[in-house]
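Data first, discussion second: the structure below is written as structure tokens.
By convention in this document, chain letters (A, B, ...) are assigned in the order of the sequence lines, proteins followed by strands, and residues within each chain are numbered from 1. Keep in mind that this is a model prediction, so the values were computed, not measured. Hydrogens, waters and symmetry mates are skipped; everything else that's a heavy atom, side chains included, is used.
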Number of protein chains: 2
Amino acid sequence: MTERHDPDVLFKALADPSRRKLLDLLHAHDGRTLNDLCEHLDMTRQGVTQHLDLLEAANLVATVRRGREKLHFLNPVPLQEIYERWIAKFEKPRLKALGDLKRRLEKTNV
Amino acid sequence: MTERHDPDVLFKALADPSRRKLLDLLHAHDGRTLNDLCEHLDMTRQGVTQHLDLLEAANLVATVRRGREKLHFLNPVPLQEIYERWIAKFEKPRLKALGDLKRRLEKTNV
DNA sequence: TTGACATGCAAGACGTTACTTGCATATTAT
DNA sequence: ATAATATGCAAGTAACGTCTTGCATGTCAA
């Protein structure tokens with residue numbers, strides 16, 4: 001059900017501040033068009049497109065075409081995967097116990 | 001008390017698979033020397049040094065000199081900062097509630 | 001149909017990154 | 001003191017990433 005993603009693509013996608021800003025913009029308001037997003041970044045439309053392509057490849061952004069415009073949606077799932085597989089495991093023991101609790105609660109579908 | 005770090009330096013440090021492997025190695029066994037770490041990576045010692053320099057700049061690795069050798073230690077704090085400032089905020093509402101719980105518990109010093 | 005709008009594709013410029021090679025310095029052991 | 005060990009510094013190279021410019025395609029409105 002849940003696909004496996006290349007962690008490298010994901011970390012690389014997050015490595016650029018412009019891409020993180022795009023994620024922020026989509027977090028603040030989902031379903032934006034390309035032109036909408038462009039208005040907030042100081043670069044050409046093509047530059048923004050290339051960043052969005054990387055975010056889409058990392059499965060952080062999904063798109064839908066509506067007529068002549070393209071709508072962009074944020075997918076936070078890969079970020080949680082990073083947390084589960086990368087951050088939780090490095091947590092100090094005290095915090096780790098709490099992370100385990102969180103995960104246990106999560107599985108019970110609270 | 002807690003210093004403020006440049007998120008870009010941190011994300012860039014995590015963007016390279018060799019550097020993530022170094023973090024893994026230090027997670028498995030702390031206090032390794034440079035030569036020790038080199039034995040696990042397929043590159044020259046200088047290449048490893050440069051990666052470690054970046055990790056140190058991102059405050060993910062701390063070092064101590066002991067005689068002619070340099071010991072490397074993992075610092076997981078910046079990873080938790082990434083979680084707090086970057087991942088938690090993108091979580092879906094259902095998970096967000098649990099994250100808040102976790103953080104609340106954490107503050108009470110369980 | 002015509003023009004305006006929204007986006008796609010592709011090649012090039014340019015700085016950055018990851019890695020190397022070669023030499024230098026500092027510490028330990030004999 | 002000498003040699004082996006552990007690391008540091010610096011310059012060079014090849015590949016990659018970011019951004020641009022120029023043109024093409026598809027959609028909507030009058």
Side-chain angles (χ1 to χ4, degrees), chain A residues 5-26 29-75 78 82, chain B residues 5-26 29-74 78:
Chain A
H5 301 112
D6 183 359
D8 206 40
V9 173
L10 193 46
F11 278 106
K12 288 238 165 82
L14 291 171
D16 185 275
S18 296
R19 287 194 286 274
R20 292 198 301 278
K21 181 163 188 179
L22 284 169
L23 293 180
D24 267 334
L25 288 168
L26 291 177
H29 173 21
D30 227 13
R32 295 181 192 255
T33 67
L34 173 57
N35 262 341
D36 180 349
L37 292 168
C38 285
E39 283 169 14
H40 300 270
L41 287 249
D42 192 22
M43 66 179 68
T44 63
R45 173 178 54 84
Q46 285 81 350
V48 176
T49 296
Q50 286 163 11
H51 283 306
L52 287 169
D53 286 345
L54 285 189
L55 290 173
E56 200 167 354
N59 200 32
L60 284 164
V61 164
T63 61
V64 173
R65 267 215 101 100
R66 186 182 61 186
R68 62 183 161 183
E69 49 193 12
K70 192 176 189 179
L71 306 181
H72 298 76
F73 296 89
L74 177 66
N75 176 26
I82 279 196
Chain B
H5 301 113
D6 184 358
D8 207 39
V9 174
L10 191 48
F11 278 107
K12 287 237 164 81
L14 292 171
D16 186 273
S18 297
R19 286 195 286 273
R20 292 198 301 276
K21 181 165 188 176
L22 285 169
L23 293 179
D24 267 334
L25 288 167
L26 291 177
H29 173 22
D30 226 13
R32 295 181 192 255
T33 66
L34 174 58
N35 262 340
D36 180 348
L37 291 168
C38 285
E39 283 168 14
H40 300 269
L41 287 247
D42 191 24
M43 67 180 67
T44 64
R45 173 178 55 83
Q46 286 79 354
V48 176
T49 296
Q50 286 163 12
H51 282 306
L52 287 169
D53 286 345
L54 283 189
L55 290 172
E56 200 167 355
N59 200 33
L60 284 164
V61 164
T63 62
V64 173
R65 266 215 103 99
R66 186 182 61 186
R68 61 180 162 185
E69 50 194 8
K70 191 177 189 179
L71 306 181
H72 297 76
F73 297 89
L74 177 66

As a quick check of understanding, evaluate side chain to side chain contact (heavy atoms under 4.5 Å, CB included) for B:Leu41 and B:Leu25, giving each step before the final call.
CA-CA 10 Å; B:Leu41 287 247; B:Leu25 288 167; 3.9 Å; yes
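- Pairing each heavy atom of B:Leu10 with each of B:Pro78, the nearest pair is CD2-O, 3.5 Å.
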N/O-N/O pairs, protein side and nucleotides 20-24 of chain D side, under 3.5 Å:
from	atom 1	to	atom 2	distance (Å)
D:dT20	OP2	A:Thr44	N	2.8
D:dT20	OP2	A:Thr44	OG1	2.9
D:dT20	O4	A:Gln50	NE2	3.0
D:dG22	O6	A:Gln46	NE2	3.0

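- Taking A:Asp8 as the reference, A:Lys12, B:Arg20 meet the salt bridge (Lys or Arg N to Asp or Glu O under 4.0 Å) condition, with sequence neighbours excluded.
- Within the model, atoms NE2 of B:His40 and CZ of B:Arg32 stand 4.5 Å from one another, a figure rounded to the nearest 0.5 Å.
- Applying the salt bridge (Lys or Arg N to Asp or Glu O under 4.0 Å) rule to A:Glu69 yields the partners A:Arg66; only residues at least two apart in sequence or on another chain are considered.
- In this model, the phosphate group of D:dG26 is not approached by any side-chain N or O of A:Lys70 to a distance below 4.0 Å at OP1 or OP2.
- Under the salt bridge (Lys or Arg N to Asp or Glu O under 4.0 Å) criterion, B:Asp24 pairs with A:Lys89, not counting sequence neighbours.
- Put simply, B:His51 has no side-chain N or O that comes within less than 4.0 Å of OP1 or OP2 on C:dT17.
- Listed for the A:Asn75 side chain is no donor-acceptor partner under 3.5 Å among the backbone atoms of A:Ala62.
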Between A:Leu14 and A:Leu23, does the side chain to side chain contact (heavy atoms under 4.5 Å, CB included) criterion hold? Intermediate values first, please.
CA-CA 9 Å; A:Leu14 291 171; A:Leu23 293 180; 3.7 Å; yes
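- Each side chain to side chain donor-acceptor pair (under 3.5 Å) pair with one or both residues in residues 42-54 of chain A, not counting sequence neighbours, appears once here: A:Arg19-A:His51.
- Rounded to whole angstrom, the span from the CG atom of A:Leu52 across to the P atom of D:dT18 amounts to 13 Å.
- When all heavy atoms of B:Phe73 and B:Val64 are compared, the pair lying nearest together is CE1-CG2, 4.1 Å.
- Heavy atoms only, all atoms of each residue included: A:Leu52 and A:His72 are closest at CD1-NE2, 3.5 Å.
- Shown here are the side-chain hydrogen bond (donor to acceptor under 3.5 Å, both in side chains) partners of A:Glu56, two or more places apart in sequence or in another chain: A:Thr63.
- Within the structure, the ring-ring contact (aromatic ring centres under 6.0 Å, His included) test picks out no pair touching residues 52-71 of chain A (sequence neighbours left out).
- Across the helix from C:dT1-D:dA30 to C:dT30-D:dA1, the helix axis at one end is tilted relative to the axis at the other end by 20° (nearest 10 degrees, each axis from five pairs).
- Contacts with DNA chain D (heavy atom under 4.0 Å) in residues 10-25 of chain A: A:Asp16, A:Arg19, listed by number.
- Between the CG atom of A:Leu54 and the P atom of D:dT18 there is a distance of 7 Å, rounded to whole Å.
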Give me the distances for all protein-to-nucleotides 27-30 of chain C N/O pairs that come in under 3.5 Å?
from	atom 1	to	atom 2	distance (Å)
C:dT27	O3'	B:Arg68	N	3.4
C:dT27	O2	B:Arg68	NH1	3.2

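- Within residues 30-40 of chain B, the residues having any heavy atom under 4.0 Å from DNA chain D are, by residue number, B:Thr33, B:Leu34, B:Asn35.
- Looking at A:Leu60 and A:Leu26, their side chains never come closer than 4.5 Å, going by heavy atoms from C-beta outward.
- For A:Asn35, the side-chain hydrogen bond (donor to acceptor under 3.5 Å, both in side chains) criterion is met by no residue, not counting sequence neighbours.
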